[in-house]
Amino acid sequence: MHIDTFHDPILSCAQAALHQVLLRHRQPDTEHLSTAHPAMLGVVAHGKRRAPPASHGHGKLIGGIGKIVGKIADGMEAEAEKLAAEIEGIISKCAELYVDYCYASWTGNEAEKQKLYEELKFSTCDPLWAEAIIEYEELKVSHGQVQYVQLQWPTGLTEIADTVKIAIVGDWGTGTALAQGVLEAAAAHQPDLVIHLGDIYYAGTPAEEGPNFLALLNQVFPGDGGKPGIPVYNLPGNHDYYSGGQGFFNGLGVLGVQTGSYFCLRTAQWQVIGLDTGYHDRDPFTVDSNITFLTKDQVEWLREAMGTCGSRRTVLLTHHQLYSAAGDVGQTKEPDGETVYWGVNPYLHKQLKPYFGQVDLWLWGHEHNTVVFYSPVDAQGKLDMPAGRCIGSGAIPMLMAEDPYTPATGLVGPDGIAVPQMNMTYQLGNDGTDYNHSFAILSLGSSGATVDYYQVPQQGAASLLLSEPVPPPITTPTTAKHAPAAV
């Protein structure tokens, strides 16, 4: 099973709207985000021409699928193939109209929007497409009414036991059997609490929050009244804000352990801080160039968290990455017109730099992979950024064909900082088509801390990929091109 998602609220909301309509009408192949439904496949195909993935039915379709099966059963394979091709062509055209309508609607092109709507409504397309448009328009409105909660320190601070085991999963909110398998593998380690690094698909709607996130948590960690039987903390990713964040904050109300979208957990020796990097990554018109950053209230809250932590060391958690070697984290234009492809997020770097000496490890998701980076050290061999680990492979399949372990070229860092490179020793295994999924177990104690990274294959038991202390031992990174000093 492959799940195509898009770093684009227009397409993500289009997928979310279509999925809800297909579920409502109990269409075949609607389990697992309707990924196998012909209509969703059509949206993905035409969505890729508008924006690369981060990843309707038709009146003849509903009866047509049954006809195909019947003809195959009767041994009429040639006629079945002909009918299938006819239906596929109709679905493809309807999907194209739907995708184009969604873009026209979101960009305010009223004339084009009306033209496409009438073409779709009065064509041979299934009425489900028109229903998906209605659902889409509701999601578009909710995107413009973004929910958010500002915290004032010490709100968001929770004291936890000095010895604690934390299961961490990233990009996990799909509701699929694979996601359940990852959480069950993590549960086998008997964690004291769970932290999700964000992204409930397709667009973090209230309708998706339940089945794709809360239901699986309750199934693996049974509780009462819809609340899991274990504390669960959740960070928002970009997908959680694509529909305005209502689903995310509704979910926080059910989980009942955090007030806002960022938090601080403290033991006597450690603090685990989760920050909201999703809020500023919801603009459909900057999906390629957008560089996310912290809201002003978080900057002030973080200053208090770091200033009052005493001798405690910090493990930092976000959805978005501080740096990447597989692709840029955003782009900017220089005055001379040259495009800078950032391998280190210059805005997060600037906002968090005052605390780098207190942060021993930074874990993030967003990229649907597990990556161990060489330690980011300067020319004198001293750490100039926290050690980083990407653990975003919680549930979205990463195809081998996507080649996620091949380093990108031309990436730069701010202020002469070298872009950390991937340690190829610790690559996820694969089944010949997809890479494995993963989770991490962070163990905090009075004598130190460790983090264990586990990979979970499509079939079979989880296995340890890497166990390391916190902070990780310093290793030598490869060099990378530097950016201009000023950002």
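Residues: numbered from 1 along the sequence shown. Just so we're clear, the structure is a prediction, and the values are computed from it rather than from any experiment.
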(message) Just to verify, which of R266, Q358, R313 counts as forming a side chain to side chain donor-acceptor pair (under 3.5 Å) with Q271?
(response)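 With Q271 as partner, side chain to side chain donor-acceptor pair (under 3.5 Å) holds for just one option, R266.
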
With a 4.5 Å heavy-atom cut-off, do [X] and [Y] have their side chains touching?
| X | Y | result |
| --- | --- | --- |
| P9 | W106 | yes |
| P407 | Q421 | yes |
| W153 | L302 | no |
| T314 | Y355 | no |
| T158 | V257 | no |
| T433 | L399 | yes |
| Y101 | K113 | yes |
| T370 | Q455 | no |

Less than 6.0 angstrom separating the ring centers of [X] and [Y], yes or no?
| X | Y | result |
| --- | --- | --- |
| F213 | H196 | yes |
| H280 | Y241 | no |
| Y323 | F373 | yes |

(request) Could you list the residues that satisfy salt bridge (charged side-chain N to carboxylate O under 4.0 Å, His left out) with R312, not counting sequence neighbours? (result)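 Not a single residue meets the salt bridge (charged side-chain N to carboxylate O under 4.0 Å, His left out) criterion with R312.
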
(request) Apply the test side chain to side chain contact (heavy atoms under 4.5 Å, CB included) to residues F249 and S261: give CA-CA distance (whole Å), side-chain angles for both, the deciding distance (0.1 Å), then the verdict. (result) CA-CA 8 Å; F249 284 99; S261 53; 4.1 Å; yes

Are any side-chain N or O atoms of [X] and backbone N or O atoms of [Y], one a donor and one an acceptor, separated by less than 3.5 Å?
| X | Y | result |
| --- | --- | --- |
| Y453 | S438 | no |
| D281 | N290 | no |
| R50 | G47 | no |
| E208 | A203 | yes |
| D100 | L97 | no |
| N436 | L428 | no |
| Q258 | N234 | yes |
| H368 | S393 | no |
| Q298 | Y262 | no |
| S142 | S243 | yes |

Under 3.5 Å side-chain donor-acceptor pair for [X] and [Y]:
| X | Y | answer |
| --- | --- | --- |
| Y202 | N212 | no |
| T107 | N109 | no |
| E118 | Q114 | yes |
| T318 | H366 | no |

Exercise: identify the closest heavy-atom pair between [X] and [Y]:
| X | Y | answer |
| --- | --- | --- |
| L348 | F293 | CD2-CA, 3.9 Å |
| H320 | W362 | O-NE1, 4.5 Å |
| D434 | P397 | OD2-CB, 4.0 Å |
| T295 | Y148 | OG1-OH, 2.7 Å |
| G394 | V182 | O-CG2, 3.3 Å |
| Q15 | T5 | OE1-CA, 4.2 Å |

(request) Any chance you could lay out the side chain to side chain contact (heavy atoms under 4.5 Å, CB included) test for I134 and V21, step after step, and finish with the verdict? (result) CA-CA 10 Å; I134 295 172; V21 170; over 6 Å; no

Say you draw a straight line from [atom1] of [X] to [atom2] of [Y]; how long is it, rounded to the nearest 0.5 Å?
| X | Y | atom1 | atom2 | result |
| --- | --- | --- | --- | --- |
| L157 | T259 | CG | OG1 | 11.0 Å |
| H19 | T35 | NE2 | OG1 | 9.0 Å |
| L216 | L183 | CG | CG | 7.5 Å |
| N369 | Q427 | CG | CD | 8.5 Å |
| Y279 | D240 | OH | CG | 14.5 Å |
| L120 | E96 | CG | CD | 11.0 Å |

(request) Would you please test Y98 and C125 for side chain to side chain contact (heavy atoms under 4.5 Å, CB included) and show each step? (result) CA-CA 10 Å; Y98 176 66; C125 292; over 6 Å; no

(message) Tell me whether E300 is salt-bridged to R303, with the criterion being a basic N under 4.0 Å from an acidic carboxylate O.
(response)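 Judged by the 4.0 Å cut-off on N to carboxylate O distance, E300 and R303 do not form a salt bridge.
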
(request) Start with the C-alpha gap between L151 and D297, add the side-chain angles, then the distance that decides, and say whether side chain to side chain contact (heavy atoms under 4.5 Å, CB included) holds. (result) CA-CA 7 Å; L151 302 183; D297 57 287; 5.8 Å; no

(request) For the pair Y233 and F263, name the ring-plane relationship: parallel under 30°, tilted 30 to 60°, perpendicular over 60°. (result)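 It falls in the tilted class, 30° to 60°.
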
